[in-house]
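First up is the structure itself, then whatever we jot down about it.
Just so we're on the same page: letters track the sequence lines, and every chain starts at 1. Remember, predicted model here, so these are calculated numbers, not experimental data.
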Amino acid sequence: MPSLIEFPEPQSDTPSPKSRAGLCLLTKRAEFIAASRAKKQGTKSMMVQGRPRQDDAPLRVGFTCSKKVGNAVARNRAKRRLREAARLILPEHGNIGWDYVLIGRNDHTAARDFEDLQRDLIYALRKLHSH
RNA sequence: ACAGAGGGCUGGAUGGCCGCGCACUGGGGGCUUGCCCCCCACGCGAGGAAAGUCCGGACUCCAUGAAGCAACGGUGCCGGGUAACGCCCGGGCAGGGCGACCUGACGGAGAGCGCCACAGAAAACAGACCGCCCAGAUCAGGCAGGCUUAGGCUGGUUUGAAACUGGGUAAGGGUGAAACGGUGGAGUAAGAGCCCACCGCGUCGCUGGCAACAGGGACGGCACGGCAAGCCCCACCGGGAGCAAUGCCAAAUAGGACCCCCGCGCGGGCAGGUCGGGCAACCGAUACCGCCGCUAGGUACGCUUCAACCAAGAGGGGUCGGGUUGGCAGCUAGAGGCGUCUGGUAACAGGCGUCGCAGAUGAAUGGUCAUCCAUCCCUUCGGGGAGGACAAGAUCCGGCUUAUAGGCCCUCUGUGCAA
RNA sequence: GCGGGUAUGGUGAAAUGGUAUCAUAAGAGCCUUCCAAGCUUAAGGCGCGGGUUCGAUUCCCGCUACCCGCU
């Protein structure tokens, strides 16, 4: 029923209600662009972008794989591995009120050992928070 | 055994723990009792090509329907299958292979236009550059005769000739992708379908076949080069756009500005008439009649014709500007899969039974562990290590094309060996 | 996802089925005291694979890469 659905205020800082795997997801292109203009930290297996939002809402995360990663099979696999790593790491190491974007890289995101992938994410988050 | 040909199937397997999407079957809980929300269990959860978007449809809108013409695009041996097709099956013909078998845009060049570079005599109504042959003239030589004192002159016959003139001929000619039927004989001055035999070609009957076509006969007497994936002709097919179609809800904005257009008639003006007001000039109303101006539409599209409908209205069109990028429906039961029977050579069709089989939208299948399977590497033969083809739905279906590690099954061909 | 288009020297562009032209850049030489301009000169190419044709940059089919439009 439309009358019962509370429409969110049209302010860009309010988190979008979409969630999956226990994490709030970024869905709008403008949110991705805002994150890309903030801090970034590259590792061997991924690029991580982070942006503090100045509110107390839960942290949000988005995943991106461009055509450089490969065909659709390679892109989907890279995003799944990034999503699994985010599910395990972010609730513990992420900060409330931040937006994160994880970007897959050619070959290494799909081929790197999963424990190394998790260590890469923890390292990148620590660097982003400290700067 | 080796080498091959055709067809079909499969596309790593099993389990444990954590995690994801959908559905709403069951259970539990929450309150704002809604067919709402949360949790748990169960169920389902990428492909043979999901791909390329090359064809054909379903469906939706443009735009309610019908017919014809033109243009444009496509298809192109024959018959059948199909909702339809450029697809499939069967047959014919042509080419390739010892063979199983494979390949083929495979209508028309006798409707017309165009092109055929270079080379070559000539590239398309044929003609004749070289050559070959005949005749003539000229020149030279041999031989015989006549005249003459030796020399020499004359004319007959024959032979030859680089070049000349007039005819005959198209057999031969470095070429070229392609050269005016081919081979053999007869014939001739030389030659020639000029004639003959066979082959090819053309025309007309006959026989078989639904047909494409095949077989055989008679006649003709060589005419008719190639290219239509050049234009074109013939036959058939096609209105356009696409699920980001389309419909609805919510939100937001300026329910915005300017310009143009509209028939039965409309609008304006003038004069008169009529009515009303006014002392009057004049003002207002009316539209039966007269004159002036504007106009002959839209749905329909390149053109023509027709039926029907709409046509001064919240009208149509154009330019500029502003707002939104949320949600729901479409959205998965369909020319559906599997099994079996019947008809058919087959593609396929029909009957019966049975199954319920993804519906996401920054977009769901992942992480990890163990065992097995295929492959590769190392090896002290105990084992150890690496590691899984091409590639993932996005409205749905029928095809085609392209990519694809390997594994399995069936049928057939050739060669060799054995019995 | 759906639809449309392009590919020619390093770069930007032309072309009737007969080995491809122009501009510019880069190389060498001349000119100049030197540079620029100018002049001369050589090299360098039809995205890939099939087919039609005697012959393909051109015609047809299939791939590859790139670009554009539609919510």
Go through the steps to decide whether L59(A) and N95(A) satisfy the test side-chain contact (heavy atoms from CB on, under 4.5 Å), and finish with yes or no.
CA-CA 7 Å; L59(A) 66 85; N95(A) 281 358; over 6 Å; no
Step by step, would you call V48(A) with D120(A) a side-chain contact (heavy atoms from CB on, under 4.5 Å)?
-> CA-CA 10 Å; V48(A) 181; D120(A) 285 345; over 6 Å; no
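For T64(A), counting side-chain heavy atoms from C-beta on, the closest listed nucleotide (rU365(B), rC18(B), rG362(B)) is rG362(B).
Separating the P atom of rC331(B) from that of rG359(B) is a span of 14 Å, rounded to the nearest Å. The separation of rA5(B) from rC101(B), taken at their P atoms, amounts to 13 Å, rounded to a whole angstrom. Between rA14(C) and rG104(B), the two C1' atoms lie 39 Å apart (nearest whole Å). rC9(B) and rC106(B) have their P atoms separated by 31 Å, given to the nearest Å. rA308(B) and rG273(B) have their P atoms separated by 48 Å, given to the nearest Å. With P as the reference atom, rC249(B) and rG313(B) are 28 Å apart, rounded to whole Å. Of the C1' atoms belonging to rG330(B) and rG11(B), the separation is 35 Å, rounded to the nearest Å. rA23(B) and rC42(B) have their C1' atoms separated by 12 Å, given to the nearest Å.
Under a hydrophobic clustering in which Ile, Leu, Val, Met, Phe, Trp and Tyr are joined whenever their side-chain heavy atoms come within less than 4.5 Å, directly or via other members, I89(A) and Y123(A) fall into different clusters.
The nearest whole Å value for the distance from the CD atom in Q49(A) to the C1' atom in rG362(B) is 14 Å. In this entry the distance linking CG of L121(A) with P of rG367(B) reads 16 Å, nearest Å. Atom NZ of K79(A) is separated from atom C1' of rC20(B) by 14 Å (rounded to the nearest Å). Nucleotide rC20(B) holds its P atom 7 Å from the CZ atom of R87(A), rounded to whole Å. Distance CG (D113(A)) to P (rG366(B)): 17 Å, rounded to an integer number of Å. Atoms CZ (R81(A)) and P (rC20(B)) sit 19 Å apart, rounded to a whole Å. Distance L102(A) CG to rG367(B) C1': 16 Å, rounded to the nearest Å. Distance CD (E115(A)) to C1' (rC369(B)): 12 Å, rounded to an integer number of Å.
Anti is the glycosidic conformation of rA212(B), whose angle departs from 0 by more than 90°. The glycosidic torsion of rG388(B) lies more than 90° away from 0, which places this base in the anti conformation. Annotated as anti: rG276(B), whose O4'-C1'-N torsion sits more than 90° from 0. Applying the 90° criterion around 0 to the glycosidic angle, rC357(B) comes out syn. With a glycosidic angle more than 90° from 0, rG16(B) adopts the anti conformation.
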Pairs: protein N or O with nucleotides 388-392 of chain B N or O, under 3.5 Å:
| from | atom 1 | to | atom 2 | distance (Å) |
| --- | --- | --- | --- | --- |
| rA392(B) | OP2 | A72(A) | N | 3.2 |
| rA392(B) | OP2 | V73(A) | N | 3.4 |
| rA392(B) | N7 | N76(A) | ND2 | 2.9 |
| rA392(B) | N6 | R80(A) | NH1 | 2.6 |
| rA392(B) | N6 | R80(A) | NH2 | 2.4 |

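Across every strand in view, rA235(B) sits in a pair with rU75(B) that passes the Watson-Crick or G-U test at under 3.5 angstrom. Figure legend. rA1(B) is base-paired to rU415(B); pairs are counted as Watson-Crick or G-U wobble with both atom distances under 3.5 Å. The partner of rG322(B) cannot be assigned: no Watson-Crick or G-U wobble pair with both contacts below 3.5 Å exists in any strand. Nucleotide rU138(B): paired with rA161(B) (Watson-Crick or G-U wobble, both distances less than 3.5 Å). Nucleotide rG62(C) forms a pair with rC48(C), judged by Watson-Crick or G-U wobble geometry with both contacts under 3.5 Å. Judged by Watson-Crick or G-U wobble contacts below 3.5 Å, the nucleotide rC303(B) has rG68(B) as its partner. Figure legend. rC248(B) is base-paired to rG327(B); pairs are counted as Watson-Crick or G-U wobble with both atom distances under 3.5 Å. Under the Watson-Crick and G-U wobble criteria, each requiring two contacts below 3.5 Å, nucleotide rU342(B) is paired to rA349(B).
Between L128(A) and G50(A) the shortest heavy-atom distance is CD1-N, 3.9 Å. Pairing each heavy atom of F114(A) with each of L88(A), the nearest pair is CE2-CD1, 3.9 Å. Nearest approach of L117(A) to S45(A), heavy atoms of both residues: CD1-OG, 3.3 Å.
You won't find any donor-acceptor pair under 3.5 Å spanning the side chain of E84(A) and the base of rG367(B), going by distance alone.
Summary of the strand contacts: V101(A) and A110(A) both lie near RNA chain B, and taking for each the nucleotide with the nearest heavy atom, the more 5' one is attributed to V101(A). In terms of position on RNA chain B, the residue among C65(A) and F114(A) whose nearest nucleotide sits closer to the 5' end is C65(A).
The pair E84(A)-R81(A) does not meet the salt-bridge criterion, since no charged nitrogen lies less than 4.0 angstrom from a carboxylate oxygen. Ion pairing of D116(A) with K44(A) is absent here, as no side-chain N (NZ or NE/NH1/NH2) approaches a carboxylate O to less than 4.0 Å.
Because its NZ or CZ atom is not both nearer than 6.0 Å to the ring centre of Y100(A) and within 45° of the ring axis, R51(A) does not count as a cation-pi partner of that residue.
Contact of the V61(A) side chain with the L90(A) side chain is registered, since non-hydrogen atoms from C-beta on lie closer than 4.5 Å.
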